[in-house]
> 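The structure's right below; bear with me while I get my questions together.
Start at 1 with the first residue, then count along the sequence. Order of listing sets the numbers, starting from 1, for every ligand and every atom in it.
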Amino acid sequence: MIPDISYLEENARRVRAFILTHGHEDHIGALPYVLPRVKAPIYGTKLTIGLLERKLEEHRLLNKVSLNVVEPGQQRVKLGPFQVEWVRVNHSIPDGCGIAVHTPRGIIYHSGDFKIDPNPIDGRLTDLGRLGQLGKEGVLAMFCDATNAERSGYTPSERVVGEALGKVFAESRGRLLIATFASNIHRLQQIITAAEQHGRRVAVAGRSMCNNIVVAEELGYLNIGKDTLVELAEVHSLPDEKIVLITTGSQGEPMAALTLIANGDHRQIRIKPGDTVVISATPIPGNEKVVGRNIDNLFRLGANVIYGSQVHVSGHASQEELKLMLNLVQPQYAIPFHGEYRHLTAFRELAAEVGMAKDRVVFPGLGERIQFTNKGISRGGKVPAGPVLIDGLGIGDVGNIVLRDRQNLAENGFLVAVVVMEKQSGSFISGPDIVTRGFVYVRESEDILEEARKRAAAEMEVIERREITEWSLIKTHLKNVLGDYFYQETGRRPIILPIIIEV
Ligand SMILES: [Zn+2]
Ligand SMILES: [Zn+2]
């Protein structure tokens, strides 16, 4: 699923650049699909550009775009009438930034995804000083990460996870498997450091995990001792207490390593009693069920499973950090993003607590434009927006409509209605015959299908009487009659295919 970019495409010539806050999938993942349609240079920090490079290479786009590495706090990039500066922040991936755009109307600050970690793994702090300066210069509007606006207090430091993992390493006797986000380089560093301290060698399972470790080490974001890593295939030749396996699949993704392992389908790794599995992540909303299933299956295979908040911390700011951010930046307007409606609402409450008028916290509807003029802020009409489905190969090959059909087929099934008509007179001879798959179980639904047949036949007689001969019209009539009837009876809307045979 990628965003609808038709508005960007219409205005492609006015797009000066893509400016990236950090390298997470929800912030760079759509670029391989967008770049062929909207050409503009890309700016981001070293790791962000490094991760994007890998992605563009896979899509054979690497030599078609201009990638530019920026240094936070050091430089401004001039883009048309704008000056853009990157401000370092902490997040669950290194090299994250907020972005200040200096415009002729004032400064617009985009927080990126952030938290404020007073003791981050790489020692690079959220640049509170610069944020305060921006606040003094006067910020017109702040777009702010509202993910954790419902959580009180402060989000714990990433180091808390390191301590918890240290305990797990100290207490585990058998093999250790740890699943986490492939992009959480600091988490990976803490696992690798703990492994080195406890005399375990590290094997890696999962493509994105392998990719990210290569990129992060190459660019200097991961320190790995030269004897630490071991091939997955060699794991069997080592004693259990000398192994830690880092895997993908912390979100229960169906083809990811941990899910295959939990299902007993992984080619190289089989769970045995004595194994300890750590899921160092919490499920993203919507993934609870599949993650839960993996945990159950791992227990069933005899592993001890450790999961949940004891071995994970969030990468997003909680209430006290959000208030601090508002106090430093002092925006005239705040636009919360990166959350559901309830999170945006909670953010507005927080802003009110630190003295912002509620009408200064704006959340536009999807696709709604916000205009900044010398009179302040106003809503400026709608542009096309929303998700566009892609089938993983590209956009344009099979479109949104095809994918919606596939979804509808999966959820409601289909139904074919065959009608026979006489060529010469256009009169209705027989049918309709109705064939269904994946819609209702025919043997138990004979009554409904018989009634549908009767109604469709009656409709055909009306069509004949009114001398409608155009096929597309006849098909529409049939679809409507059958569609309405089945919806009324079953609450479902199967795909209906009317077929007319002339004899
Ligand atoms: Zn993020
Ligand atoms: Zn994000």
> Which side-chain N or O atoms in residues 212-227 pair as donor and acceptor under 3.5 Å with protein atoms at least two apart or in another chain?
residue, atom, partner, partner atom, Å
N212, ND2, A182, O, 3.0
Y221, OH, D95, OD2, 2.5

> Could you name all protein N, O or S atoms found under 2.8 Å from the Zn ion (ligand 2)?
D26 OD2, H27 NE2, D113 OD2, H338 NE2
> State whether K46 and E71 are salt-bridged, where the test is any N-O pair (Lys NZ or Arg NE/NH1/NH2 against Asp/Glu carboxylate O) under 4.0 Å.
no
> Where does the angle between the aromatic ring planes of H22 and H24 fall among parallel (under 30°), tilted (30 to 60°) and perpendicular (over 60°)?
perpendicular
> Within a radius of less than 6.0 Å around CZ of R76, do more than 12 heavy atoms belonging to other residues, nucleotides or ligands occur?
yes
> Taking CD in E231 as the centre, count heavy atoms belonging to other residues, nucleotides or ligands within less than 6.0 Å. Is the count above 12?
no
> Rounded to the nearest 0.5 Å, how far apart are CE of M356 and CD of Q332?
9.0 Å
> Are any N, O or S atoms from H316 nearer to the Zn ion (ligand 1) than 2.8 Å?
no
